[in-house]
Amino acid sequence: DEENIYFRYFNRDKKAVMLKGYNVETFEPDDNEINTGERIISSGVLFYDNKFIFRGDKEIRILSNEGELLGTFSDEFIEISARSIESIFDISNGRIFMSAGDSTEENEVFCCKIDDILKGKGEWEKAYTINHWSEYWDEEPIMNAFQTEEGE
């Protein structure tokens, strides 16, 4: 937020991922330590509209910046996405965007309104598709970048 930068760490005693804030000017610790209630956070923690939003092992959790649980959203898609190395988890315009694909095929990205999750009515809708590179280029772009001309 405007006053603090937050770090996450695993607290062995509480067996949970914690968030701890430090003042951005003095780097003094904030009195507030937030227990996420999760042993694993597979997406990182996003801060949006004074809320912490993250994808845990089985659900998306939304916490206030004081640590109060404001909402959760759980379904099979979230669990699949949490296991996908190349998944997308981001926020824009009051929506969470998430995918569960990989780079070998097209990747569908879905979104859900944050306000709907807070009301207990979260539902995914398809936002867009990221096509495989072969839809745009004749040769894989990364391989072209590594190729050199003969004799070099």
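Numbers for residues simply follow the sequence, beginning at 1.
For K121, there are no salt bridge (Lys or Arg N to Asp or Glu O under 4.0 Å) partners at least two apart in sequence or on another chain. Contacts of K119 classified as salt bridge (Lys or Arg N to Asp or Glu O under 4.0 Å), with partners at least two apart in sequence or in another chain: none. Not a single side-chain hydrogen bond (donor to acceptor under 3.5 Å, both in side chains) links S74 to another residue, sequence neighbours left out. A search for side chain to side chain contact (heavy atoms under 4.5 Å, CB included) contacts involving N23 returns N4, E25, T26, not counting sequence neighbours. A search for side-chain hydrogen bond (donor to acceptor under 3.5 Å, both in side chains) contacts involving E38 returns nothing, not counting sequence neighbours. With sequence neighbours left out, D49 forms a salt bridge (Lys or Arg N to Asp or Glu O under 4.0 Å) with K51. Looking at residues two or more places apart in sequence or on another chain, you find no side chain to side chain contact (heavy atoms under 4.5 Å, CB included) involving E2. A search for salt bridge (Lys or Arg N to Asp or Glu O under 4.0 Å) contacts involving E125 returns R95, not counting sequence neighbours. Scored by the side-chain hydrogen bond (donor to acceptor under 3.5 Å, both in side chains) test, D75 finds W124 as partners (sequence neighbours excluded). Looking at residues two or more places apart in sequence or on another chain, you find a ring-ring contact (aromatic ring centres under 6.0 Å, His included) between F7 and Y22. In this structure, the side chain to side chain contact (heavy atoms under 4.5 Å, CB included) partners of Y128, at least two apart in sequence or on a different chain, are F97, V109, I130.
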Test side-chain contact (heavy atoms from CB on, under 4.5 Å) applied to M18 and R8, step by step = CA-CA 5 Å; M18 308 293 286; R8 69 179 179 170; over 6 Å; no
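Residue Y6 is found in a hydrophobic cluster whose other members, listed by chain and number, are F10, V17, L19, I34, I41, V45, F47, F52, F54, L63, L69; membership requires side-chain heavy atoms under 4.5 Å apart, directly or through intermediates.
Around atom NZ of K113, no more than 12 heavy atoms belonging to other residues, nucleotides or ligands sit under 6.0 Å away.
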